[in-house]
Enquirer: 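Encoded as C-alpha cells, here's the structure I'll be asking about.
Throughout, a chain's letter reflects where its sequence line sits, starting with A, and its residues are numbered from 1.
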Number of protein chains: 2
Amino acid sequence: MASSYVDSSGRSLADYPRPSVAVDTALLTVPEETGQLSVLQVRRHRDPGWALPGTFLHEGERLIDAVQRSLRDKAGVVGTSPRQLHVFDDPRRDTRGWVLSVAHLDVVRPDQLAGRDRARTRLVPVDRPGMLPYQHDEIIERAVSELRRRYASAPDPDHLLAEPFTILQLRRLHQAIAGRPLQPDTFRRKMGLQLTGTGTRTTGTRGKPAELYLRER
Amino acid sequence: MASSYVDSSGRSLADYPRPSVAVDTALLTVPEETGQLSVLQVRRHRDPGWALPGTFLHEGERLIDAVQRSLRDKAGVVGTSPRQLHVFDDPRRDTRGWVLSVAHLDVVRPDQLAGRDRARTRLVPVDRPGMLPYQHDEIIERAVSELRRRYASAPDPDHLLAEPFTILQLRRLHQAIAGRPLQPDTFRRKMGLQLTGTGTRTTGTRGKPAELYLRER
DNA sequence: GTAATAGTGTCTATCAGACATTATAAC
DNA sequence: GTTATAATGTCTGATAGACACTATTAC
C-alpha cells in the first residue's frame, strides 16, 4: 500500500506533514461501593478540572500500548484490554497544534483500580461525568453504548466478575451496565444457558443458597 | 486535553515524533450487471496488482475529506459518505516508515461509479477480492460486516436505491448485501412497516403491478 | 413458624420461518 | 383462458415479559 500512496509528483512518505497522534481512554468499571457504571478521570496538568486519561503516541508504539502506558502512569492500572472506538480528527480541536486522538474503551474489575492515586484520579458515574474538555463526553457516550451492546446478549464478556459467581451477581452487573433493572427470570433463562453450573452453592446467605456458575460453556 | 499530555519533563507537542497518517477505503456498491456486493480496487502505482484506494492525510485535513479526495482522484467518485472502521497501527506494516492507516467504509449507488476510469479501477465481488497488499482483505471484511449489520434491520439506510422503489427491488438489494436469499413474505412484513406507500404502482411489468414506496416514514 | 432469596411453570404477545391463498396484471 | 408476480392469511416454533408458584436457607 505504501508505494501506492506516492503521488505522480514522486513525493515520498517523509515529505508529507504529519499530525501528532494521541490516545484517550474511557476506562469503565462498576465499583462495589456504588454499584454504578463509572468512568475514571484524572486531574488535568495545567488547567483546573478533570479529563479522561490520555497520552501521545511514542515513536513506533502501538495504540494499545500507548493506552496501557497512560493508564499505568496516570492511574496505576495494569492488565487491561483496550479497544478502539473512534478517531477524533478536527484539526482545530487542540489549540496547540494538529492532533488526532484515537478514543478507546477499556473495562476493568474494580480491584484493578485499588492501587490508584486517589488524589489525582476519581471515579464518576457515567451519566453524570461533569464538565470535561474537548469531546471527552462523546467518548464516554460511545464507550457506554459499545459496552451495553456487548453485554446485551452474553454473560459478562469482559470478565468483570471473578469466578465462580451467582446469577444474582451477574444480573446486578448487567443492570449496572444497562442502567436499568432486568427481569430476574428472563435474565436467568437467557444467560443461564451460556453458563456452566459448578454444583456448589453459596453458604451463609439469607434465603435459598444460589448455585455458583462459570462463564465457560 | 492537549495540556494534560505535556509530561513532567515539560516537553511540548512538537517534541514528540509523529507518524504519517493514511486513509484506506472499502468502497462498496451493488452493480446492476452482476447484482453482487462488490468492492472498488485501483491499480497500484509501483507494484503490480490491485489495492483499495487510499492516500496520505494532508496538513490540517479531516479524515473524511482525505477519503473523498482519494476517491475523486483515483476513481472519479464524488458525493460519498465515508465512515470510520478501524485504525491499523502496526509500526512495521509499511516498510518505508511509520504509517497509521485509518480504514473507512463507503457505500455508493452504482451510477456514482459510472464515470470511473476503467483502466485504473475494477469492481470485484467482496467474497473473491483477490490478492491484496497489507491488511486490505481485513478492511473489506470489516466493511462488509458493518454494512450487513446496518442493513439487517432497516430498509436501505445508505440510500442505494433511487426512490420510489418496489419491495422486490429493496429485497434484491438486501439479498446482495446479506449474501443470501431472504424470505419474501418475512422481508415484506419487517421492512414494509418502515416504508411509506405512494399509492402508485409499476406499469408494464409482468404479473400484478407492485406498489412503489418511499423510505421516509 | 416467618422472611428472604433461588429457581421453575406457565400464560401471553410478538416475531420469524414456512407455506397456502388471493389479487391483478401481461400475454 | 394461462402465466407471472404482488400481497395477504395463517400455522408453527422460538423467545421475552409477566406473574405465580415451589424450594431451601437464616432467623
Enquirer: Charged N to carboxylate O below 4.0 Å: is that the case for B:Arg69 and B:Glu61?
Expert: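 Yes, B:Arg69 and B:Glu61 are salt-bridged.
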
Enquirer: Starting at atom CG of B:Leu193, determine the distance to atom P of D:dT8, rounded to an integer number of angstrom.
Expert: 11 Å

Enquirer: Checking B:Thr200 now: which residues fulfil side-chain contact (heavy atoms from CB on, under 4.5 Å) with it, not counting sequence neighbours?
Expert: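 Partners of B:Thr200 by the side-chain contact (heavy atoms from CB on, under 4.5 Å) criterion, ordered by chain and then number, come out as B:Thr198, B:Leu212.
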
Enquirer: Hey, are B:Arg62 and B:Asp65 close enough for a salt bridge, meaning a charged N less than 4.0 Å from a carboxylate O?
Expert: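 B:Asp65 and B:Arg62: not salt-bridged.
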
Enquirer: What nucleotide among D:dA16, C:dA6, D:dA26 has an atom nearest to a side-chain atom of A:Leu168?
Expert: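 Of the candidates, C:dA6 comes closest.
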
Enquirer: Give one of base, sugar-phosphate or nothing for B:Arg201, where a contact means two heavy atoms less than 4.0 Å apart.
Expert: sugar-phosphate

Enquirer: Nearest-Å distance, CD (B:Gln194) to P (C:dC15)?
Expert: 11 Å

Enquirer: At less than 4.0 Å, is any side-chain N or O atom of B:Arg206 found next to OP1 or OP2 of D:dT5? Yes or no.
Expert: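 For D:dT5, OP1/OP2 do not have a side-chain N/O of B:Arg206 under 4.0 Å.
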
Enquirer: Any idea which of D:dT24, C:dA16, C:dA6 is nearest the B:Thr186 side chain?
Expert: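 For B:Thr186, the side-chain atoms sit closest to C:dA16.
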
Enquirer: To the nearest angstrom, how far is B:Met191 atom CE from D:dT8 atom P?
Expert: 17 Å

Enquirer: Report, as a single string ordered 5' to 3', how protein heavy atoms within less than 4.0 Å touch nucleotides 9-14 of chain D: B base, S sugar-phosphate only, - not at all.
Expert: BB----

Enquirer: Is a salt bridge present between B:Arg83 and B:Asp158, judged by a nitrogen-to-oxygen distance below 4.0 Å?
Expert: yes

Enquirer: For residues A:Asp106 and A:Thr80, is any side-chain donor paired with an opposing acceptor at under 3.5 Å?
Expert: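 Checked: A:Asp106/A:Thr80 side chains pair up, N/O donor to acceptor below 3.5 Å.
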
Enquirer: By nearest heavy atom, map A:Lys208 and A:Gln183 onto DNA chain D; which one lands nearer the 5' end?
Expert: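 It is A:Gln183, whose closest nucleotide lies nearer the 5' terminus.
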
Enquirer: Within this structure, what is the CG-to-P distance between A:Leu195 and C:dA6, rounded to whole angstrom?
Expert: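 After rounding, the reported distance stands at 15 Å.
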
Enquirer: Is there a donor-acceptor contact under 3.5 Å linking the side chains of A:Arg171 and A:Gln175?
Expert: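 Per modelled atom types, A:Arg171 and A:Gln175 side chains form a pair under 3.5 Å.
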
Enquirer: Within the structure shown, what part of the strands sits under 4.0 Å from B:Thr205 by heavy-atom distance: base, sugar-phosphate, or nothing?
Expert: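 Here B:Thr205 touches the backbone only, sparing every base.
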
Enquirer: Could you check how far CZ of B:Arg188 sits from C1' of C:dC15, rounded to whole Å?
Expert: 17 Å

Enquirer: Heavy atoms only, 4.0 Å cut-off, all strands: where does A:Ile167 land among base, sugar-phosphate and nothing?
Expert: nothing

Enquirer: Between P on D:dT5 and CD on B:Gln169, what's the gap in Å once rounded to a whole number?
Expert: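 Taking CD of B:Gln169 and P of D:dT5, I get 14 Å after rounding.
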
Enquirer: D:dA7 C1' sits how many Å from B:Phe187 CZ, rounded?
Expert: 15 Å

Enquirer: When you look at A:Leu170 and A:Phe187, which way does the side chain to side chain contact (heavy atoms under 4.5 Å, CB included) test go after all the steps?
Expert: CA-CA 9 Å; A:Leu170 182 68; A:Phe187 182 83; 3.8 Å; yes

Enquirer: I need the NZ-P distance between A:Lys190 and D:dT15, as an integer number of Å.
Expert: 11 Å

Enquirer: Can you work out whether B:Gly207 or B:Leu212 has the more 5'-proximal nearest nucleotide on DNA chain D?
Expert: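 Mapping each residue to its closest nucleotide by heavy atoms, the 5'-most match is B:Gly207.
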
